[in-house]
Structures are given as structure tokens and as C-alpha cells.
Amino acid sequence: MAAKPAPPPPAPRLYLATAMLDDVAALAATLPGLIATHQVAALLLRLKLTDQRGMISRAKTLAPAVQNAGAALLLDGHPELVARSGADGAHLTGVEAMQEHLPELQPDRIAGVGGLRTRHDSMLAGEAGADYVLFGEPDADGQRPAQDAIAERLQWWAELFEPPCVGYAATLAEAQDFAAAGADFVLVGDMIWDDPRGADAALGDARAAIAQGYQSLLASLAGPAKVGQQ
């Protein structure tokens, strides 16, 4: 009897990063609709560096708009502010930062990690208990790996490891490619907020690109089985 085929992976979900924010009031008014319409799974809040009280206040303003719409709110860095701001977790950069701050976030809050330049760093993050790993984000100098290198890293991770992997997409082509590579989430940011048509239209295009990539992934997984059935 032939072995039962493994179930297909779930469709990748949207992970939305804000611009670097000082005032969050306008975003708090529009986010619930964007999150609900486009099924955004999580929002990465990037705050301009000010005093801690001000940063906590801004995160507290945004948290209900995000969480009541069904998404998780993560701070970009600043793990020490997570509990006081009502956020669901933090995104950390680099293995050292993750190792330092993981105990104060888990088990109650999410600890994601990026800045993983090597496969070894990625495996260290996964073994230490990161809730997700992010590939493809710009470094401090604004440099990123090539699109095919990011897709290769996502595919490698998705095939071998349990923690979710996230692909940072700067273009629609990357969003589609990373979904096809097996990313659990696709992170989009500036490409959404810089779109002159507005965030709603841009997120719609991103969803469509991710859906196309996911269909390509399903087709690639089903290909050998279809050949054998003919």
C-alpha cells in the first residue's frame, strides 16, 4: 500500500512592519480595517527612539487596534518595553540579543529573531527556542542578500526545521518567490506604506503575490504524485 502523502503546508500569512513612527494616532485609526481585510497575522511596530515613557505610550495606543483586529503586536527591538506596553512580543536582531532577552520574553510572549547571516546562526536561534526566524531583512548599512539567496535559505529552513520562517519581501516578486520557497510568513513594510495608491491597495497586491507563490509551491509538491498516477 502506498504511503499516505503528507498534508500540504498552510498558506503563508502576512506580517506587516510599520514605517519608523513617532505619532501612531493616524495608524491606529486605519489598522483594524487593514488587518481584517487582508488577514494580517502580526504587526511589527518600529518606533523612533525617544524616552521610554513616550515609546510605551505609543505602543499602548496601537496595541488595542492591532490585537482586537486579531493580529499580534511585536516591537522591533526594545524587549524591556514589551510587558509594560501591552505588546505580544519583540523582534530581536542577532543571536546574542536573542540569547540575552529570550528569558524575559518567553514563555508568555513572542521572541522572533533576524539578523541571521549564516546557517549556523539560524540553527542556534532555532535550538535556543526562537518563535520564528526572519531571513532577508536589510542590515545596518541597508544591504540585503540576493533574492534567490533568501529564497534558498527559506526553502532550506522550511524543509528541515519546526519553528516558522519569515521572508522579508521588498517587492511583489520577492513576496511571490518567498511564498513559493515555503515561508510561513512574508514580512512586508516600506513597499506598502510607500505605495501612492495607499496601503489597502498595496496589501491587496501583496496578498495576491503570496497566493500565487503558494500555488506554485503546492504544484511543485504535487508534481511527482501526479506523474505517478498517470
Side-chain angles (χ1 to χ4, degrees), residues 5-19 31 34-44 69-72 74 76 91 110 112-117 119 122 125-126 130-139 143-227:
R13 300 192 65 191
L14 271 172
Y15 185 0
L16 177 61
T18 71
L31 265 179
L34 291 173
I35 290 170
T37 299
H38 301 288
Q39 302 174 11
V40 174
L43 183 86
L44 182 63
L74 280 76
D76 188 9
H91 176 78
I110 299 167
V113 61
L116 304 170
R117 302 305 171 194
R119 290 190 177 196
S122 307
D131 289 300
Y132 69 77
V133 293
L134 171 66
F135 300 124
E137 78 278 25
D139 62 19
Q143 301 299 311
R144 303 175 62 225
Q147 178 175 328
D148 58 351
I150 300 169
E152 185 276 334
R153 186 65 56 87
L154 288 165
Q155 184 176 20
W156 163 76
W157 184 272
E159 290 176 350
L160 296 177
F161 302 99
E162 288 297 324
C165 59
V166 184
Y168 179 101
T171 66
L172 293 176
E174 288 187 351
Q176 181 173 340
D177 198 16
F178 299 163
D184 298 283
F185 299 86
V186 176
L187 176 63
V188 293
D190 291 344
M191 62 180 282
I192 302 301
W193 309 112
D194 293 343
D195 194 311
R197 301 170 302 159
D200 183 58
L203 279 170
D205 286 350
R207 284 182 67 200
I210 291 169
Q212 289 172 354
Y214 179 60
Q215 290 303 314
S216 296
L217 174 64
L218 295 182
S220 69
L221 294 175
K226 286 182 178 179
V227 172

Item to check | Interatomic spacing from CG in Asp205 to CE in Met191 - rounded to 0.5 Å | outcome: 8.0 Å
Next on the checklist: Looking at every heavy atom in both Gly182 and Cys165, which two are closest together, and how far apart are they?
Outcome noted: O-SG, 4.0 Å
Item to check | All side-chain contact (heavy atoms from CB on, under 4.5 Å) counterparts of Pro8, not counting sequence neighbours | outcome: Leu218
Next on the checklist: Name the residue from Val188, Leu44, Leu187 that meets the side-chain contact (heavy atoms from CB on, under 4.5 Å) definition with Leu16.
Outcome noted: Val188
Checklist entry - Can you tell me if Tyr132 uses its side chain to pair, donor with acceptor, with the backbone of His91 under 3.5 Å? => result no
Got a list of side-chain donor-acceptor pairs under 3.5 Å for residues 172-179, not counting sequence neighbours?
{"from": "Glu174", "atom 1": "OE1", "to": "Arg144", "atom 2": "NH1", "distance (Å)": "3.2"}
{"from": "Glu174", "atom 1": "OE1", "to": "Arg144", "atom 2": "NH2", "distance (Å)": "3.0"}
{"from": "Glu174", "atom 1": "OE1", "to": "Ala170", "atom 2": "N", "distance (Å)": "2.7"}
{"from": "Glu174", "atom 1": "OE2", "to": "Arg144", "atom 2": "NH1", "distance (Å)": "3.1"}
{"from": "Asp177", "atom 1": "OD2", "to": "Gln147", "atom 2": "NE2", "distance (Å)": "3.1"}

Checklist entry - Going from CD1 on Ile192 to CZ on Arg197, what distance comes out if it is rounded to the nearest 0.5 angstrom? => result 9.0 Å
Checklist entry - Roughly how far, to the nearest 0.5 Å, is the CG atom of Asp76 from the CG atom of Leu43? => result 10.5 Å
Checklist entry - Closest heavy-atom contact between Thr37 and Arg207? => result O-NH1, 3.0 Å
Checklist entry - Parallel, tilted or perpendicular: which fits the ring planes of Trp156 and Phe135, with parallel below 30° and perpendicular above 60°? => result tilted
Next on the checklist: Please find the pair of heavy atoms, one from Arg153 and one from Ser122, that lie closest to each other, and give the distance.
Outcome noted: NH1-OG, 4.1 Å
Checklist entry - Taking all atoms of both residues into account, what is the closest heavy-atom pair of Val186 and Ala169, and its distance? => result CG1-CB, 3.8 Å
Next on the checklist: Just to verify, what does Gln212 make a side chain to side chain donor-acceptor pair (under 3.5 Å) with, not counting sequence neighbours?
Outcome noted: none
Item to check | Gap separating the CD atom of Gln39 from the CG atom of Leu14, nearest 0.5 angstrom | outcome: 8.5 Å
Checklist entry - For the residue pair Trp193 and Ala17, what are the closest heavy atoms and their distance? => result NE1-O, 2.7 Å
Checklist entry - Can you tell if the side chain of Asp200 reaches within under 4.5 Å of the side chain of Leu34, non-hydrogen atoms only? => result yes
Checklist entry - Hey, mind stepping through Leu134 and Tyr168 against side-chain contact (heavy atoms from CB on, under 4.5 Å) and telling me if it holds? => result CA-CA 7 Å; Leu134 171 66; Tyr168 179 101; 4.0 Å; yes
Item to check | Shortest non-hydrogen contact from Ala71 toward Ile35 | outcome: CB-CG2, 3.9 Å
Checklist entry - Would you say the side chain of Trp157 lies within less than 4.5 Å of the side chain of Val133, judging by non-hydrogen atoms? => result yes
Checklist entry - Can you find a pair of side-chain heavy atoms, one from Pro12 and one from Leu217, that are under 4.5 Å apart? => result no
